[in-house]
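What you see below is based on every heavy atom in this structure, not just the backbone, and it leaves out hydrogens, waters and symmetry mates. From a predicted model like this one, the values you see are computed outputs, not experimental measurements.
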2 protein chains.
Amino acid sequence: MELETRLNESRPATPGTLRPGGRTAKVRRAVLDATLDALAESGFHALNMDRIAASAGVGKTTVYRRWTSPTGLVGDLLHDMAEQSLPAADTGTLAGDLRANAELVRATLTDPRMGAVFRAVIAAAACDEECARALAGFYRTRLAEWTPAVAKGAARGEVPAGTDPVELLRAVSAPLYYRFAVTHEELAADVAERAATAALAAARDGVFVRE
Amino acid sequence: MELETRLNESRPATPGTLRPGGRTAKVRRAVLDATLDALAESGFHALNMDRIAASAGVGKTTVYRRWTSPTGLVGDLLHDMAEQSLPAADTGTLAGDLRANAELVRATLTDPRMGAVFRAVIAAAACDEECARALAGFYRTRLAEWTPAVAKGAARGEVPAGTDPVELLRAVSAPLYYRFAVTHEELAADVAERAATAALAAARDGVFVRE
DNA sequence: GCGTTAATGGAACTGGAGACCCGTTTGAAC
DNA sequence: GTTCAAACGGGTCTCCAGTTCCATTAACGC
């Protein structure tokens, strides 16, 4: 849905945009599912258009026509993933919410299947500009779901008024993603714990207050 | 040097290990330089063994034989980069040193050439295990150069005794790399500033004290 | 210097990724 | 339910990444 409008804007006649009914939608679903499976199993470098077409039960011509490249597939997958939002926690305290957020991120990246997908997606984003934009969009929507928690915490006086919610949430995620994508370290539970605590400590000091 | 020993351990007769004199070394230098150029110009996904061989003025058979794959090239490049260490700053205060460190990271990632290389390297590490290990090793040596700054700061009482230096340094780098690799945001100077300040605030609170 | 052989490099071969053509299916409008 | 074009899909072709083979070059030990 989101994708169709977006593509309509850029190119007048991209396949899959004018007749999104029945078959076309089913094809997209099958292809994106197959892409997710392939990424989870063997990573981005092994992503192969022919194999995707085969395992999705779709003609390979169709895959090439609608997605052109592996990064195109990943980009569309990200648009799809951004639509399926999961709600933020509400533990009553900002400290608790941030800990829940950090633990959610950790659980996602630690999960064998999801971890592989995110690794692949990060690789794809590093290779392709369009893909990078899609990934950025994905995180924008994800973080947006958690901003109310910070706002409530600020209202309760747990962090200074004027604290930038997104900045604080980024500070929570950053250490986890840094280890995951850059240094490839183990993500133990205490890492998430510390990420949340450190971010909150900095926030209390007013580091994330918008000037 | 480091590489030769490493390879000698695993395989008894890997090309380039038994006669590392003159030509072999020159070939490696030329190939790694060409790889760096290629990554800076067009990124990891466009890394092409044939083109590397051509622009290095080396037979493509040699490149395939000694490095096998694009990730092999990047892996060796990382070993090479880890050897060229640059010394840490010493501003007199931990706050100053951390700010210098954050700014150094920011400058590196922002530089058009180096930024592209790091992006490529992160992508390669996400695709290949051996490459990931090489990247982890690179950062281990880099962070090790800055640990004395933290130790000195702790001795001066700027952070609690027992503060884990590496943990603190990771906290400084994390927000920068997170934006760089995951959300692909602009890295303005104030981001580095805030990364250093936030990490120090958390450290002062004792978040990074080893239990 | 001289011989040995590790390492390089040119050339020819192969397989599979990706492009193209064109007939078939099917969603949308009436 | 009929029509029309959008989207799909099978088959084929092309090109290039990656391999193999063998001749040539030049390190290393004497």
Give a yes or no on whether a salt bridge exists between [X] and [Y], defined as a side-chain N under 4.0 angstrom from a carboxylate O.
X	Y	result
A:Asp37	A:Arg113	yes
A:Asp76	A:Arg66	no
A:Arg29	A:Asp80	yes
A:Glu167	B:Arg194	yes
A:Glu186	A:Arg179	no

Contacts to DNA chain D from residues 34-55 of chain B, heavy-atom cutoff under 4.0 Å, which residues?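 Per residue number, the list reads B:Asn48, B:Met49, B:Asp50.
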Rounded to whole angstrom units, what separation is found between the [atom1] atom of [X] and the [atom2] atom of [N]?
X	N	atom1	atom2	answer
B:Lys26	C:dA7	NZ	C1'	14 Å
B:Arg66	D:dG18	CZ	P	18 Å
B:Arg28	D:dA27	CZ	P	17 Å
B:Trp67	D:dT19	CH2	C1'	18 Å
B:Tyr64	C:dT8	OH	C1'	16 Å

Closest nucleotide among D:dG9, C:dT8, D:dG18 to the A:Arg65 side chain: D:dG9
Which nucleotide, D:dT19, C:dG18, C:dA7, lies nearest any side-chain atom of B:Thr24? C:dA7
I'd like to compare against my own output: the B/S/- annotation of nucleotides 10-15 of chain D with a strict under-4.0 Å heavy-atom distance to protein. BB----
Can you confirm if the aromatic rings of B:Phe44 and A:Phe44 lie within a centre distance of less than 6.0 Å? no
Sub-6.0 Å ring centroid separation between B:Tyr178 and A:Tyr178: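 No: the rings miss the under 6.0 Å criterion.
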Could you go step by step and tell me if B:Leu98 and B:Thr197 meet the side chain to side chain contact (heavy atoms under 4.5 Å, CB included) rule? CA-CA 8 Å; B:Leu98 292 184; B:Thr197 314; over 6 Å; no
